[in-house]
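Step one of this worksheet: look at the structure below.
Naming convention: chains lettered A, B, ... in sequence-line order (proteins, then strands); numbering from 1 in each chain. Basis for what follows: all heavy atoms, side chains included, without hydrogens, waters or symmetry-related copies.
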2 protein chains.
Amino acid sequence: MAIRDTGAEQLIKDTAKRIFFAEGKLNATTQDIADAAGVTRTLVNYYFRSKDVLFRQVFDESMHDMGNRMDEVIQSTLPFKKKIERFIEVFYTQLATYPYQESFMIAEINSNGFSFQKKDRPNVLAAFLKEIQTEMEKDAVKKMKPMNFLLNLFALMAYPLLTRPLFKIIFELDDLQYTKLLNERKKMIVDILFN
Amino acid sequence: MAIRDTGAEQLIKDTAKRIFFAEGKLNATTQDIADAAGVTRTLVNYYFRSKDVLFRQVFDESMHDMGNRMDEVIQSTLPFKKKIERFIEVFYTQLATYPYQESFMIAEINSNGFSFQKKDRPNVLAAFLKEIQTEMEKDAVKKMKPMNFLLNLFALMAYPLLTRPLFKIIFELDDLQYTKLLNERKKMIVDILFN
DNA sequence: ATTTTGTTTGACTAATTTGTCAGACAAAGA
DNA sequence: TCTTTGTCTGACAAATTAGTCAAACAAAAT
């Protein structure tokens, strides 16, 4: 009965994440993943019965991880502005190792819909929206729907990463220059969001 | 020698655009497109030798259209702020009919790279960046790298559209409510960008 | 009317990718 | 040692998708 954990299952998942999120190969086949993991494709089917199951599992876990990482910051006792700065930092760190994660998530949701178990963490978001509201009343940030404040935060952080290959060409920048531009944004985003 | 234009070629392209950009079926097959257009798949191969050619043609044309629409606004004689407002309006109109266009472009660039003929319109962007710079010196907008101003503009416009299915669920909004939220953003984006 | 030429299709082939299954292999238990 | 059981593989079958080709069709030209 005991599982003999050889690490293969985790290896396959990690490899899949690397291919999807780090290498941006959004349409990788199971063979691609098996090859990259150094196992046979049959083994992928042994652990995950089908391609869909593997994809969904990778998707769900990543979604969950991301949620946890952010909740942790949101629920911390830091003062609001520090909290946002920390939030940006966490987001950028994650995207440094997995630059295509957002892309993958968005594409996946667009094509295969989205089933999300939001029964857990029921009021984390609500509490944070309320905290934002409070800051607005203190005139610390521009008055708007708190949801829009959050959308703005994510937009300013994520969009330049999502569109990196596009804007690299539009602006005629090399990788290093674009990375520099991105890093300058961390401070700028805070400046924009706060009065 | 004369082409007997039956409209089939254009029909196929338009249908492809509809499926990709309006319905968000990013991984549609040539069969899907043929079916939706009411023609046989063979005909798709008659006009466009391969799937890749069709995809690229749709991609290039859309990219070009979008570029033109935006250049038109950028090169207009409107005062700067009006120009930005008009820009947002144009962008929103386009995304109302083709909500998934950005998604498609990004995914396409991520997986298949990007060859862009930027020999045309060589200085449109440069001129606009300069105009932004001038506005910064007049203190009309926050001081930053003009490129970042542009990135912010696009981010604030596009991101909430890209992630619509995701944030609909996160915020627990229905379609109508989300659309309302989006529309409120038009004015807000201007408020954020300008002093 | 007949030929020509561009358009469209059905049937076929090829390529790619996924899924299954019997059996090999190796670690643990008897 | 022998058996059991979980892990892994190679060979095969199935499904999906893309591409080709000869021939049917229809509009124009002769």
Report the distance from atom CG of L153(B) to atom CD1 of I132(B), rounding to the nearest 0.5 Å.
8.0 Å

Let me know the distance between CG of D35(B) and P of dT17(D), rounded to the nearest Å.
11 Å

Heavy atoms only: give me the nearest M147(A)-L129(A) pair and the separation to one decimal.
N-CD2, 3.9 Å

Side-chain ion pair, D191(B) and K187(B), N-O less than 4.0 Å:
yes

Which parts of residues 19-32 of chain A get close to DNA chain D, meaning a heavy atom less than 4.0 angstrom away?
none

How many angstroms lie between CD in E9(A) and NZ in K13(A), if you round to the nearest 0.5 Å?
5.5 Å

Would you jot down, in residue-number order, the residues of residues 41-54 of chain B having a non-hydrogen atom under 4.0 Å from DNA chain C?
T42(B), L43(B), Y46(B), Y47(B)

Please name all residues satisfying salt bridge (Lys or Arg N to Asp or Glu O under 4.0 Å) with R164(A), sequence neighbours left out, ordered by chain then number.
D175(A)

From CD1 of I33(B) across to C1' of dA18(D) the rounded distance in Å is 12 Å

Qualifying salt bridge (Lys or Arg N to Asp or Glu O under 4.0 Å) pairs with a residue from residues 100-113 of chain B, counting only residues at least two apart or across chains:
none

Measure all distances between protein nitrogen or oxygen atoms and nitrogen or oxygen atoms of nucleotides 24-29 of chain D, and list the pairs falling under 3.5 Å.
residue	atom	partner	partner atom	Å
dA27(D)	N3	R4(B)	NH2	3.4

Just the rounded figure in Å: distance from C1' of dT18(C) to CZ of F55(A).
12 Å

Tell me whether the count of non-hydrogen atoms from other residues, nucleotides or ligands lying under 6.0 Å of NZ in K143(A) goes above 12.
yes

Just wondering, are more than 12 heavy atoms of other shown residues or ligands nearer than 6.0 Å to CZ in R69(B)?
yes

How about F80(A) and F194(A): are their ring centres within less than 6.0 Å of each other?
yes

Acceptor/donor pairs from residues 23-43 of chain A side chains to any protein atom, 3.5 angstrom cut, sequence neighbours excluded:
residue	atom	partner	partner atom	Å
E23(A)	OE2	R18(A)	NE	3.4
T29(A)	OG1	Q31(A)	N	3.3
T29(A)	OG1	D32(A)	N	3.1
T29(A)	OG1	D32(A)	OD2	3.3
D32(A)	OD2	T29(A)	N	2.9

